[in-house]
Student: 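First the structure, which I've put down as structure tokens, then a few questions once you've had a look.
Note on naming: letters A, B, ... go to the chains in the order of the sequence lines (proteins, then strands), and numbering restarts at 1 for each one.
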There are 4 protein chains.
Amino acid sequence: MSRRGRLRAFLESPHFERAIVTVIIVNAITLGAETSADLIERTGGFLHLVDRLTLAIFVVELSLRLYAYGRDFFRDPWNYFDTIIVTVALLPATGPASVLRALRILRALRLVSAVPSMRRVVAALLAAIPGMASIIGLLILIMYVAAVMSTELFGPIAPDYFADLPTSLFSLFQIMTGESWPDIAEQVMTEMPWAWIFFVGYILTSSFVVLNLFIAVVVNAMDDQTTSAEEQRTEDQLAKILAEVTRLHAKIDALEAARDDPSREQASAEPVK
Amino acid sequence: MSRRGRLRAFLESPHFERAIVTVIIVNAITLGAETSADLIERTGGFLHLVDRLTLAIFVVELSLRLYAYGRDFFRDPWNYFDTIIVTVALLPATGPASVLRALRILRALRLVSAVPSMRRVVAALLAAIPGMASIIGLLILIMYVAAVMSTELFGPIAPDYFADLPTSLFSLFQIMTGESWPDIAEQVMTEMPWAWIFFVGYILTSSFVVLNLFIAVVVNAMDDQTTSAEEQRTEDQLAKILAEVTRLHAKIDALEAARDDPSREQASAEPVK
Amino acid sequence: MSRRGRLRAFLESPHFERAIVTVIIVNAITLGAETSADLIERTGGFLHLVDRLTLAIFVVELSLRLYAYGRDFFRDPWNYFDTIIVTVALLPATGPASVLRALRILRALRLVSAVPSMRRVVAALLAAIPGMASIIGLLILIMYVAAVMSTELFGPIAPDYFADLPTSLFSLFQIMTGESWPDIAEQVMTEMPWAWIFFVGYILTSSFVVLNLFIAVVVNAMDDQTTSAEEQRTEDQLAKILAEVTRLHAKIDALEAARDDPSREQASAEPVK
Amino acid sequence: MSRRGRLRAFLESPHFERAIVTVIIVNAITLGAETSADLIERTGGFLHLVDRLTLAIFVVELSLRLYAYGRDFFRDPWNYFDTIIVTVALLPATGPASVLRALRILRALRLVSAVPSMRRVVAALLAAIPGMASIIGLLILIMYVAAVMSTELFGPIAPDYFADLPTSLFSLFQIMTGESWPDIAEQVMTEMPWAWIFFVGYILTSSFVVLNLFIAVVVNAMDDQTTSAEEQRTEDQLAKILAEVTRLHAKIDALEAARDDPSREQASAEPVK
């Protein structure tokens, strides 16, 4: 085995995988602990040290993988995922409440790429999205149309919710989640009593589309997973029947051939006598 | 090809369809931009110009389609949809916050009729409605009965929510969406402590009916889409087995015929010797 | 046909059924109109008159049905439903906001028993309940246990929500519908910070049980309705294959019989020669 | 039958089981009644007496079961469940609002282990959990990452909701149940207008994962229960066809054997003549 081959074997060994998972979990815990000013003070630089160390391990691991797999490294989308997360962690985080500092915890998501069963679940979730594309498009279209309409109609009446297009979109998303919509509706309806048509219509339409989005996901999931045991048994039995019927054909063909050519039959029959 | 035929081919060409989709999207964006007084001012009459232009394109496209398809134009329900939307856009919109002005954004819905995959999704959504008719009827009946009851019983106690029939219907729709129902119930229950029976009963009943509405949609969707690959394979294999068994019949018939009529058999067998 | 037979035929005729449905709808509308003091005043005694009249029609119809069907009348549970509703409507309603007055609108529910498709939907809904009995029992048990626990633990802290058992049950039902639970939880958690365990545990448990309640209903609905067209086709084709194979048996039996008894064969074969 | 055997038969007799169920229900009612100071006063020590008595019955029953089944007692997980509940009830409960006092009502959960149909439902619910493990893990990971991020980013702005990690986790659970999230979002967005990305992203992601959790449960439930009647019929018919085809083989084999060895055939045929 080449040096690369041995490195690959090492990277794929259960021991190494378990070690990396442990490092990720340790890192996730220390990053969680760092949210507490109290804990940072008490542990001194320890938490920071662990953080630096785990980051170093990630960089080394990624470099090893890049070396070991060469071009193949770029074929696995999970490697892109890992690379992006580690790169984000390496960017210098300045300022006390920097967004980049907060993004360090994304490293915990490496757990998804490191644990095979997690990876499968996420792959299954992502696989459901293309089948939902048209319905999501429809939903976005409905929200956009409703946002433009509500901004024009309700903007002057309820500027808290419909002042401009982004605000309206946020309010409509809020209404779609069913949260506090009566408050919004009442504020508008004091001046435009017929506005209930808009709100009830929007709620019914968006719920119905979201329901169909769910159904699309369910139907997809069913189709993928329902080669259930007994369907497999049906398949197997059908294959068996077909094989048996084919054997019947062969036998009857032999019978007929024997009849057409009694001499050959006799010949084959003779040793039996 | 006739002139109409060539026009049809042009209207159905992917290039033309893509162009129309682009126009719809541009129009949707400008209509969205027009909700911002700031953007209107900065761009001067540009947004308005684009709006006029796209409307003109829609009118021309619709006229061309009407000319090209003649009577067939009225057979496709999507054409009615497009005609209504364009007609609404042509109505003169006076006043600053006219409803008709707000309805212009409905033109963005032309995206549904212009993109085939969207059209299919909407057709599938609409196809689910007839199967839901009885349950929707039951739901409306329950809401109506509950509204009349609550207006009579709770009207004097909680006029904010149950003053008259329309207000009660709105409140009951709100309760059905699960929004702020405890506030309404508490206001009533201060004077009628047993009113929880009405609210809990209404919530359970309406949830159960809505659940069954969902199930009806799911079951319909399943029935339509579950000619899954493997069921098709089962079908194929069954057809194959049946064909094989039929061939067996033919062979045995031949065998028997030969036996009944050895001379014919001999004759057919002779060339083999 | 006997007099009763003719009466039955009349009662079951589509004309009569449509007439009764019309009377029910008219009655529902007038009962709705009576919720408005304004409309009552404007129409004078008209609404009241229609109400009396429709009630009289219901009484007559029910009496005719009772006479026409005799004992069979008591076999159809829908007849009990109609009898109870009409009886309730006949009870004297005194006082301005009497509950009995409000119950009159229940007559609109007769629409369910009068329209066959509605009747089927309601029958299907009711048929789903027995399969849900155990899970509903479990849910009630969980709610009861949680109510006793929360009354003992949180009663002194948050008497608004957990003063006594009925209040706790109502609050827990409210939490189960997901409404304003953070308000309740926060009020308790100010004194008992660990109370989040109770609330989160209760929400997760009850959601999971409710989810399984839904699944039980869905699975039942599926089982009933999924003798889909193609499964029927599979069945049909299997039956066909079995019949063909049986015919093969008969042929081979005949072949063998002929071989065992050439004379009989000869005899049957002779006319062919 | 041995003494233990007779004891087992007694413990498993429907009479004894019904008696225990009655005791559990009586105990549950008295424990519920004890939440009312008024009822305790009026009934004097009666409620307390019943409570002591039922507890004594449970202890005796459990001891009998332990004696009767010996080692087998520890094989049934429901026995652990009963033992823990009875042990908790025996712990001394001091202080007026002791948690242990509140835990006494857990004895009502013995209804689950005492009623077979309840036991089946709970077993089915628990059986669904392993299939959900990966998705639950993913959900916890997402919540943890979101909690660390929101504590770092929003902690100083909205300390009510994101002061430290546990508070953030509770707030994020609250947001996931869809309760009052706009209030939280608005408080944060006054200082960080782009925070809507976090909230909308979190709501969409967590809803999608929860939806897939539901689907996993539904698909599992379907797989288990859908050996529906007609699938069974398909199976049966396939088995029948296979048996028939096998019999065909045997017949043709016999035919061929007879042909190969006419003497044996003659012999077997002779008696027929």
Student: Is the backbone N or O of C:F74 less than 3.5 Å from a side-chain atom of C:N79, with the two atoms forming a donor-acceptor pair by type?
Tutor: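 Side chain of C:N79 to backbone of C:F74: no pair is present.
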
Student: At a heavy-atom distance under 4.5 Å, which candidate from C:W181, C:F199, C:W196, C:Y144 has the highest pair count against chain D?
Tutor: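 Result: the option with the highest number of such pairs is C:W181.
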
Student: Could you check if a side-chain atom of D:R104 sits within less than 4.5 angstrom of a side-chain atom of C:M149, using non-hydrogen atoms only?
Tutor: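 No, side chains not in contact.
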
Student: Quick check for you: among C:I135, C:V145, C:T151, C:I142, which has the greatest number of heavy-atom pairs under 4.5 Å with chain D?
Tutor: C:V145

Student: Report which part of C:L211 has an atom under 4.5 Å of a heavy atom belonging to chain D: side chain, backbone, both, or neither.
Tutor: side chain

Student: Quick check on C:E186 against chain D: is it the side chain, the backbone, both or neither that has a heavy atom closer than 4.5 Å?
Tutor: side chain

Student: Testing D:R119, D:R107, D:R110 one by one against D:D82 for a salt bridge (Lys or Arg N to Asp or Glu O under 4.0 Å), which residue passes?
Tutor: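 Only one of D:R119, D:R107, D:R110 forms a salt bridge (Lys or Arg N to Asp or Glu O under 4.0 Å) with D:D82, namely D:R110.
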
Student: Does one side chain, of D:D51 or D:T30, offer a donor that lies under 3.5 Å from an acceptor on the other?
Tutor: no

Student: Between C:L138 and C:N212, is a side-chain contact (heavy atoms from CB on, under 4.5 Å) present by the stated rule, with each step listed?
Tutor: CA-CA 11 Å; C:L138 184 63; C:N212 278 277; over 6 Å; no

Student: Below 4.5 Å, heavy-atom pairs only: which of D:S36, D:A108, D:G178, D:P166 has the largest tally toward chain C?
Tutor: D:A108

Student: In terms of heavy-atom proximity below 4.5 Å to chain D, should C:A133 be classed as side chain, backbone, both, or neither?
Tutor: neither

Student: Between chain D and each of C:A163, C:S180, C:G137, count heavy-atom pairs under 4.5 Å; write down the option with the most.
Tutor: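 Heavy-atom pairs under 4.5 Å are most numerous for C:S180.
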
Student: Identify which part of D:M176 has an atom lying under 4.5 Å from any heavy atom of chain C, answering side chain, backbone, both or neither.
Tutor: neither

Student: How are the rings of C:Y202 and C:F198 set to each other: parallel, tilted or perpendicular (split at 30° and 60°)?
Tutor: parallel

Student: So, for D:F170 and D:Y161, is the gap between ring centers shorter than 6.0 Å?
Tutor: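 Centroid distance D:F170-D:Y161: not below 6.0 Å, so no.
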
Student: Could you look at D:A28 and say if it's the side chain, the backbone, both or neither that has a heavy atom under 4.5 Å from chain C?
Tutor: both

